[in-house]
Amino acid sequence: MVQHWAHEEFRDVPIKDKRLRSRLIDVVKSLADLPESSINQACNCWAAAKGAYRFFDNPNVRPIAISTRHRAMTKERAQKFPYVLAIQDSSALNYHHHPSKAEEIGVNMSYETDHGRKVSRGLMTHTTLCLSPAGVPLGILDFQVWRRGIDYQEEKESTRWIKALGRYQPTEKLTNFVTVADREADFNEFILEIQGRKGNFVIRAKSNRRKRRDDESGLNFLIASAPFVGEYKERVRNKKMKTSRQPKESNCERFQGQDKKWDREATLMLQARSVELTTASKIKFKVNVVRVSEASRVCEDDEDLIEWVLFTSLSIETLDDIKKVISIYKQRWRIEEYFKVLKSGLGVEDCRLETYARLCRYLNVASIVAWRIMWSNYYARVNPEAPCTEFLSDGEWRALFHKMNNGNAPINGPPTVRQAILWIARLGGHLGRKGDGYPGNVTLWRGWRRMMDLSFGW
């Protein structure tokens with residue numbers, strides 16, 4: 001299976017030397033076979049590891065060339081749907097404990113300690129993850145790596161959002177991409193760029209925009225005075241409110257509400273209207289705004305109630321249109337899961353490649369492998385009855401079947417995708433009890449590594 005998708009995804013990669021193209025496929029296969037492994041562990045032998053290190057050190061391999069073919073394949077998969085989601089977000093990679101990289105990488109953040117001010121060194125990444133309407137990851141549309149404090153010297157760092165947009169949203173509209181982003185993307189240049197490219201977007205608002213500095217009736221006033229169009233109920237987790245005084249580890253700590261439950265059924269009130277906004281240079285533009293607010297109720301002082309204000313270009317004429325906008329924004333959390341797969345699943349922050357150029361090539365490869373790991377999980381949720389040969393080779397599913405059925409041979413052919421995923425999750429520690437729910441990405445990549453060991457033995 002891994003050989004099949006790796007060959008298909010990278011067969012026409014724009015690298016002139018065919019030996020480097022072949023090496024790229026081998027490296028992808030090794031990293032995808034054994035998640036959570038270092039390059040040495042994944043390659044199994046010194047010759048393969050040496051080839052991988054030489055590939056990441058080769059100046060003839062441009063990082064953009066690694067992802068060009070994959071981006072084209074992602075757009076091809078996206079054309080099968082009436083619309084797809086392009087979720088943009090940034091994430092920091094921490095290499096502070098790798099002193100050999102100190103001269104090659106930038107500063108992610110600075111912070112105060114008892115011994116003075118210190119800096120955390122690392123790299124910044126900006127990813128655009130493509131999702132189907134059902135939430136299945138289709139690929140990576142853009143992957144940027146930069147060094148804070150070194151790159152972006154002559155332009156604002158926020159231009160990364162617009163650069164990513166140019167990679168998947170051409171002026172000629174071939175695919176209906178809906179750009180989804182959190183509050184960091186709430187700035188006028190980005191929204192105007194999407195509108196200029198005739199694209200769609202759902203962006204969470206960050207600030208209370210005003211026409212004048214002394215104007216008390218800004219965006220918040222316009223939304224608060226908008227008519228209520230309906231309500232609906234949603235199961236949400238109880239969560240403590242984030243404040244700057246709380247330590248980082250307790251920002252999202254779950255707790256029991258007054259009903260002594262870990263989750264609750266929230267009643268969400270919906271408001272919507274069109275508003276006209278004005279930039280600092282007096283440019284006016286219109287956007288649709290949707291407000292999602294949890295109905296007032298008796299709650300604990302530190303409980304975080306839901307409050308979203310969403311900018312969108314999509315229709316808000318009916319209640320169903322508004323619910324569609326909300327459902328699209330809820331898919332934004334998928335990119336947070338993707339970052340977890342990239343950092344915890346593949347362990348990219350533990351990579352010991354010492355130079356910035358090597359890390360860029362490695363991260364571009366790892367970003368695509370992380371997508372594939374995440375794809376297998378969500379594909380099983382959408383197509384549970386499909387045969388598992390969609391993502392497992394003959395030897396892999398037979399070894400898995402043999403292990404999970406006490407050595408019995410399969411009688412009715414390969415199992416379904418759902419059954420195979422549940423078996424892989426069991427290898428990773430998922431118990432499959434009634435209240436356990438569907439397995440997550442963590443247990444799947446752990447189970448995947450055990451399954452690959454079984455298939456090698458088979």
Side-chain angles (χ1 to χ4, degrees), residues 63-64 67 71 85-94 105-111 119-130 140-171 177-211 213 218-219 242 244 275 277-287 289 308-313 328-329 331-336 338-339 342 356 360 363-364 367:
I64 190 66
S67 57
R71 188 183 306 117
L85 311 183
I87 305 178
Q88 289 197 39
D89 202 6
S90 300
S91 182
L93 300 179
N94 184 10
I105 60 180
V107 176
N108 281 346
M109 61 178 293
S110 59
Y111 54 95
V119 297
S120 174
R121 294 192 173 273
L123 297 176
M124 297 298 298
T125 64
H126 187 80
T127 306
T128 305
L129 177 66
C130 184
I140 305 300
L141 291 169
D142 181 55
F143 187 79
Q144 302 176 44
V145 183
W146 76 94
R147 298 166 291 183
R148 180 165 282 173
I150 300 177
D151 302 323
Y152 286 104
Q153 293 289 346
E154 299 180 358
E155 56 184 349
K156 293 188 294 185
E157 197 174 272
S158 60
T159 57
R160 67 189 186 274
W161 298 86
I162 299 175
K163 288 181 179 179
L165 187 67
R167 296 277 173 83
Y168 64 87
Q169 184 69 71
T171 305
F177 288 103
V178 180
T179 299
V180 185
D182 210 353
R183 286 172 286 191
E184 190 181 356
D186 176 21
F187 60 99
N188 293 330
E189 294 87 347
F190 186 53
I191 296 177
L192 287 172
E193 183 70 22
I194 300 175
Q195 291 181 338
R197 294 175 178 269
K198 300 179 181 179
N200 291 314
F201 59 89
V202 177
I203 298 173
R204 187 174 177 184
K206 174 179 63 176
S207 58
N208 178 25
R209 300 160 184 259
R210 300 176 182 178
K211 295 181 179 179
R213 289 189 177 181
L219 176 65
K242 298 180 182 180
S244 58
V275 300
L277 303 177
T278 305
T279 67
S281 57
K282 308 301 182 182
I283 299 176
K284 296 182 178 181
F285 61 100
K286 290 185 177 181
V287 295
V289 185
W308 295 347
V309 177
L310 307 177
F311 289 146
T312 183
S313 61
I328 287 176
Y329 180 73
Q331 297 279 16
R332 198 207 69 83
W333 189 253
R334 293 284 184 268
I335 199 167
E336 304 293 348
Y338 169 81
F339 288 140
L342 184 67
Y356 173 65
C360 284
L363 290 172
N364 273 269
S367 68

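As a basis for the values below, the full set of heavy atoms in this structure was taken, side chains included, without hydrogen atoms, waters or symmetry mates.
The backbone N or O of T279 lies less than 3.5 Å from no partner atom in the side chain of N188, so there is not a single donor-acceptor pair. One N or O on the side chain of R71 and one on the backbone of L141 form a donor-acceptor pair closer than 3.5 Å.
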| request: Please assess I203 against T312 for the test side chain to side chain contact (heavy atoms under 4.5 Å, CB included), listing each intermediate value before the final yes or no. | output: CA-CA 6 Å; I203 298 173; T312 183; over 6 Å; no

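The two residues A205 and R183 make their nearest non-hydrogen contact at O-CG, 3.3 Å. Between S367 and I140, the shortest heavy-atom distance links the atoms O-CG1, 3.9 Å. Counting all heavy atoms, side chain and backbone alike, K284 lies closest to T278 at CG-OG1, 3.7 Å.
For K163, the salt bridge (Lys or Arg N to Asp or Glu O under 4.0 Å) partners are E155, not counting sequence neighbours. Judged as a side chain to side chain contact (heavy atoms under 4.5 Å, CB included), and not counting sequence neighbours, the contacts of S91 are T125, F339, K343. Applying the salt bridge (Lys or Arg N to Asp or Glu O under 4.0 Å) rule to E157 yields the partners R148, R160; only residues at least two apart in sequence or on another chain are considered. The side chain to side chain donor-acceptor pair (under 3.5 Å) check on Y168 picks up Q88, T179, with sequence neighbours excluded. Shown here are the side chain to side chain donor-acceptor pair (under 3.5 Å) partners of T159, two or more places apart in sequence or in another chain: there are none. Listed by chain and residue number, E276 satisfy the side chain to side chain contact (heavy atoms under 4.5 Å, CB included) test with K286 (two or more places apart in sequence, or in another chain). Partners of Q195 according to the side chain to side chain contact (heavy atoms under 4.5 Å, CB included) rule, which considers only residues two or more places apart in sequence or in another chain, are I191, L192, F201, F285, V287. Listed by chain and number, the residues in a side chain to side chain contact (heavy atoms under 4.5 Å, CB included) with D182 are R204, Y329, R332 (sequence neighbours excluded). Scanning for side chain to side chain donor-acceptor pair (under 3.5 Å) contacts around Q144 gives D142, Y152, with sequence neighbours left out.
Under the 4.5 Å side-chain criterion, counting only non-hydrogen atoms from C-beta, L363 is in contact with L93. By the 4.5 Å heavy-atom criterion applied to side chains, I87 and D89 are not counted as neighbours. Within the 4.5 Å cutoff, the side chain of F311 has heavy atoms near those of the V289 side chain. Put simply, the side chain of L165 reaches to within 4.5 Å of the side chain of R197, judged on heavy atoms. No side-chain heavy atom of W161 sits under 4.5 Å from any side-chain heavy atom of E189.
Note that the SG atom of C360 and the CD1 atom of I64 stand 11.0 Å from one another [nearest 0.5 Å]. Taking CD of E193 as the start and CZ of F187 as the end, the distance is 9.5 Å to the nearest 0.5 Å. Note that CG of L85 is 12.5 Å distant from OG1 of T128, once rounded to the nearest 0.5 Å.
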